[in-house]
Amino acid sequence: MKTDVIIIGAELDGLIAATRLVEYGYTVRILAVGAGSLHYSSAGEHVLGFDSSEQMVKNPFEAIESLNSHHPYRRIGTSNVRLALEWFYKKNDGSNILSVSPAGLGIPVYRALPWQATFDDIKNKNATIVQFRNHGDFTAHLASNELNRAGYKVSVLEFEAPDVFSKNAALAKSFDRLEDPASFFLGLKESLSDETEVLLFAAVMGFKDHQRIMNEAEKIIGIPCREVSTLPPSIPGMRLDDDLTSNLKQQKVSIHSGVKIIEHRSNGSHCIAVTDDIGRSYEASIFIVSTGGVLMGGLDIDSHGNVHETSLGLEVYQSEPLSAVSVDTSLHALHMAGVETDNELRPLKGYRNVCVTGRSLSHWNPAQESSCEGVCISTGWVAAETAHNQLMGMKNG
Amino acid sequence: MLKKNTIAEFSSPHAHKVRDQKAILSSMDLCTKCGICDAHCPVASVTGKFPGPKYTGPQAQRFRAIESLSELSPFLCSGCGICTSVCPNDVAITDIITVAKAVSFNEGTELKVGQRILNRPDLIGKLSGLLPSLSNFMLNNGLLRFLIEKATGIHRDAPLPKVHGPVFKRWFTNHTQPDGPRISYFIGCSIDNFDPDVGKAMVGVLNHLGYRVDVPTDLCCSLPMLSSGEWKPTRARAINLIDALHPSASNNTPVIFTSTSCSLTIRSKYSAYLDMTDTKSRTVANAVVDACEFLRERHMDDIRENAKELPLRVLYHGPCQLRGHHIGQPAVELLQLIPGLHLELSKADCCGVGGTYGYDKDKYDIATSIGTALIDQIKEFNPDFVICDSETCRWSIEAKSSVPSIHPVQLLMQSLGRQ
Ligand code: SF4
Ligand code: SF4
């Protein structure tokens, strides 16, 4: 049962580390309580949207230097961030673009997802947003009002969805099953005003068959079609989660869900095995903690306002005890709390064969910086490199 | 031959999380309304009639706690357990819904005759096993099935299994075994009557590894009754079964299961639904181990050394109940050890049948549309076999794809047994 690497948690960072380790040919086991926070991520690929003075960032790589010196990006170094993002996004020009949020606001992202609506798409164009009837997870008027206020020309078209679903996922999957998408889009085209130059949908246009559906839409309607993200659980995040996990499964990576790690065995300097809440043990040479921080239960707060790491009991950095009275500062302190590591993401105090990634790391605030995917991808990638180096070292004695 | 791991070393690390009914219901407070369960529920993805696990589970439970709701939505849940397995906050969603089913059952919601019959697979097996050829004729006869649908609500195309009669027991009685460490194998009500080949393969693999196999009982675990809410008559049946398995389990030997649903029932559903948390029940629950899980934990090296080439194309589909065991997909790790095997994995979450859910004439269409993705993948890949750990899934897959569907140990036995 022993594998080269065990990843605790199914967060984006863990899935990235697993993907990279499988490329190297290692055996990997993922142990997770449930689905990861990719399900919440709404608008795609945030690397660094705002600097510490809350100014919008044009070039994320240049802005890294302005972050606090313990920040995960500073730890692993700009060149590693570049390498990781180039590996994942196949893009290296270092520039942000503005995507359209569910409320019609601009959110800086590093790369637009396929068919993701950006402000460049609607600039000086007549745009129409489709509101599917009954779709409760998306309000086209919210976006159109805001965009109109900002000087864009956007109108709303109400239209019957292929099936009566109010929730994102069911709606998205009903597009996958649509027997004749061409006639559906033809019907939509007939209801559109001739002036429309770009068509915006909620991001529910297919789940696994997203590409096919959007290609079909553009082919039949004959104008650019784009997607605006919705309230969570968000389909673009779920698509990415599904892509990564399906790919890992096809590579025969074992993913155990429902597994909560609460104990471990060590020889003092190294972790040997982890044990779940029903007493099963799992051995590996390297362990990666990708447990999603406070949001996903990787970090826990006790009644005194102190933060704890839940899987291996690693020491946690925290600037001040959290209190419900001073919510503002506490919320920031909560984000900044986490496990502090060396440049290779090994905990400063703790086992040598453990790496910590993503939201369980200290000294970054994904909400304020708008940096979630970037930090998760690059720390996942660096953890895989650290694991690779260590495993090579073990092999060579 | 292969006795590196003797049974005495088996330390039973399988103590399943004990959650009684109270713990299950109070897990509703852990819900953060994130909606991830809804996004993954196969039923909510194909029909607008079902409000989804978030509502039918934790949300409606708050109201159930103060007043009795007359509601049908719990009965649309197939009990697949996918929602529970994706919930980041450990809410026992499927169990909450099943408790709600039982409560409305006790308050008088009538179960259809067909569901009552399907709830007793041991009885079906015994009755039809008396005259297998007549039973099979009836099951294959279109007109009769139409009449059965009218009378019972069991859909005329529902994938009812082929009846074999007591084939396995007859075979087992005359079967010579190695004189190795003893191990118990649970055949339930299904192996003898419906699935003798799985039983023979399991005994074969265990013999091959040097074990001497005991078959302590052929009682039924009563899962269909439990999951459709028919609880009162279940308790006595469950206690009988625990009594029958206790001597083997108290020996500190594992009891091996080839049915992922029977094992899950004894491991965690007796405590969850019937509050059977006494020492005896826990001893048995802790001895329960899935066949592939056991082989993965104990015999990876033995199998790696002895597996012979099988130049076959197979597609593996992990059944939903496997998620409830929290063991990943051990069969995939085992099948990878077979040289020459072209193994593709299912991309679908669920085959749709949900035990006996897809047999009901009112739910047959829901089940079929859930299963479409899997059947399409099978047709495209066109394997020699579909491999799946659960019997009801295999019957349904075979009926809908026309590709023979077998348990992982059957393929392992083919590989180990080759000369
Ligand atoms: S996944 Fe869990 S926490 Fe989220 S809505 Fe469903 S039950 Fe609640
Ligand atoms: S058990 Fe399956 S069918 Fe029932 S609510 Fe959960 S996911 Fe849906």
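We name chains A, B, ... by the order of the sequence lines, and we start the count at 1 in each one.
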Heavy-atom closest pair (A:Ala170 atom, B:Ala44 atom, distance to 0.1 Å) is CB-O, 3.5 Å
Between A:Val33 and B:Pro88, the two heavy atoms sitting closest are CG1-O, 4.0 Å
Assert top hit (heavy-atom pairs under 4.5 Å, partner chain A, pool B:Gln336, B:Glu344, B:Gln329) equals B:Gln336
Cut-off 4.5 Å, heavy atoms of chain A, and the answer for B:Thr372 is neither
Bottom line for B:Pro51: the part with an atom under 4.5 Å from chain A's heavy atoms is backbone
Turns out that what part of B:Leu322 lies under 4.5 Å from chain A's heavy atoms comes down to neither
Under 3.5 Å, is there a donor-acceptor pair between the A:Ser254 and B:Glu333 side chains? yes
Do A:Arg280 and B:Ile327 pass the side-chain contact (heavy atoms from CB on, under 4.5 Å) test, and can you show the C-alpha distance, the side-chain angles, and the key distance before you say yes or no? CA-CA 9 Å; A:Arg280 286 195 192 97; B:Ile327 54 178; 3.5 Å; yes
To the nearest 0.5 Å, atom CZ of A:Phe165 lies from atom OG of B:Ser45 at 7.0 Å
Quiz item: Taking atom CD of A:Glu23 as the centre, does the number of heavy atoms from other residues, nucleotides or ligands within less than 6.0 Å exceed 12?
Solution: yes
TODO: Could you check B:Met300 against A:Met1 for side-chain contact (heavy atoms from CB on, under 4.5 Å), going step by step and ending with a plain yes or no?
DONE: CA-CA 8 Å; B:Met300 285 291 273; A:Met1 281 220 41; 5.6 Å; no
Applying a strict 4.5 Å limit to non-hydrogen atoms, the region of B:Cys34 in contact with chain A is both
Residue from A:Arg29, A:Lys208, A:Lys249 scoring the most non-hydrogen pairs under 4.5 Å with chain B is A:Arg29
Honestly, the part of A:Tyr282 sitting under 4.5 Å from a heavy atom of chain B is side chain
Using the rule given for side-chain contact (heavy atoms from CB on, under 4.5 Å), can you reason through A:Asp276 versus B:His326, listing the C-alpha separation, both sets of side-chain angles and the distance that settles it, and then say yes or no?
CA-CA 10 Å; A:Asp276 65 11; B:His326 311 160; 5.5 Å; no
task: For residues A:Gln250 and B:Lys347, determine if any side-chain heavy atom of one lies less than 4.5 Å from a side-chain heavy atom of the other.
output: yes
Residue from A:Lys2, A:Lys167, A:Met296 scoring the most non-hydrogen pairs under 4.5 Å with chain B is A:Lys167
Taking the six-membered ring for Trp, is the centroid-to-centroid distance between B:His40 and A:His39 below 6.0 Å?
yes
So, the part of A:Lys252 with a heavy atom under 4.5 Å from chain B: the answer is both
